[in-house]
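What follows is a set of notes on a single structure, which appears directly below.
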Amino acid sequence: MFDPPIGDALQQLRDWNAKIAIILGSGLNAIVQDPIESIDYAEFSEIPKPRVPGHAGKFSLCEIAGARVIFAQGRVHLYEGYSAGEVTASVGMLSNVGVKKLVVTNAAGALSEKFKPGDWMMINDHLNLTGTSPLIGWPEFLDLGNAYSARLQKQFCDAARKLGIVLHQGVYAAVVGPQYETAAEVRMLQNLGADAVGMSTVLEVIQARALEMEVAGFSCITNLATGLSSTTLSHGEVLETGHKAANDFSRLLGETLPNL
Ligand code: HPA
């Protein structure tokens, strides 16, 4: 299914021998501290380079509390004109270099009235409203019954409680974008049972599950969705709130990663 080039960059990723990778969404780059090495996505012909501000476009090799991890800093989106296969190419690459556990993060708008900007929501299920799948062309009837690992959810939950970090749980709805939702769409998503809305993640999760990776997902709530607040939505606001919330998530990773 996945046919990478054999080159120095790939060998470097493989030699790092990380079993855990973390994909960072908009504005969450501050989570990466003191990387031992960074490898630009441009080194891999099948991974498109992100163009959206806040998405760096590189793999960073880090050690967190003794655990080797690969951060995928930035992603590409359907709304940039990429296919589901291109959007998920980095997941195939991570699997190919030996990653078994994938933590996906994103910036999302709150649909639940309980959430406020700067909070984190652990994703316990998703609605794929993108109209596509990375498995198109690879007819695999994948079971998504436990797309988000119950084991990992418990570990992150326990860690958040111990650290006193608010960690909501809920359903993430993925839309194509790039426009934000109308107020009517927000009501629809609430009625469908979603707690947060964003423009990424679900295709990566589907691809990761197809490659038998264990998955955890997190939404950084960067804003209240349209109609739930009177402020105008902007990508600048999303980046700024993401940056502030990064500190909580770093602490959560420090507590959890050694036990994953
Ligand atoms: N809607 C969709 N995607 C988003 C939002 C939102 O309100 N905030 C950050 N990403």
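Every number for a ligand or one of its atoms is a count from 1 in the order of the listing.
- Without hydrogens or angle criteria, T256 side chain to L252 main chain gives a donor-acceptor distance under 3.5 Å.
- The single protein non-hydrogen atom nearest to atom 7 (O) of ligand 1 is N223 ND2, 2.9 Å, given as residue, atom name and distance.
- Close approach to E181 involves these atoms of ligand 1, each under 4.0 Å from a residue heavy atom: 1 (N), 2 (C), 6 (C), 7 (O).
- A salt bridge is defined here as a Lys NZ or Arg NE, NH1 or NH2 lying under 4.0 Å from an Asp or Glu carboxylate O, and D158 with K162 fails to meet this definition.
- Considering backbone and side-chain N/O atoms, Y180 never comes within less than 3.5 Å of an N/O atom of ligand 1.
- In summary, K100 and E214 do not engage in a salt bridge, as defined by a charged side-chain N under 4.0 Å from a carboxylate O.
- The backbone N or O of A245 lies less than 3.5 Å from no partner atom in the side chain of D248, so there is not a single donor-acceptor pair.
- Residue G109 approaches ligand 1 through these ligand atoms, each under 4.0 Å from one of its heavy atoms: 5 (C), 6 (C), 7 (O), 8 (N), 9 (C).
- With hydrogens and angles ignored, the 3.5 Å screen pairs no side-chain donor or acceptor of E43 with any backbone N or O of D40.
- Below 30°, between 30° and 60°, or above 60°: for F156 and F218 the angle between ring planes is above 60°, a perpendicular geometry.
- Atoms of ligand 1 lying under 4.0 Å from any heavy atom of A107, numbered from 1 in the order shown and given with element: 9 (C), 10 (N).
- Atom 3 (N) of ligand 1 has as its closest protein heavy atom G198 CA, 3.4 Å.
- Proximity to T222 (heavy-atom distance under 4.0 Å) selects the following atoms of ligand 1: 8 (N), 9 (C).
- Of all the atoms in ligand 1, the ones that sit under 4.0 Å from a non-hydrogen atom of M199 are 2 (C), 3 (N).
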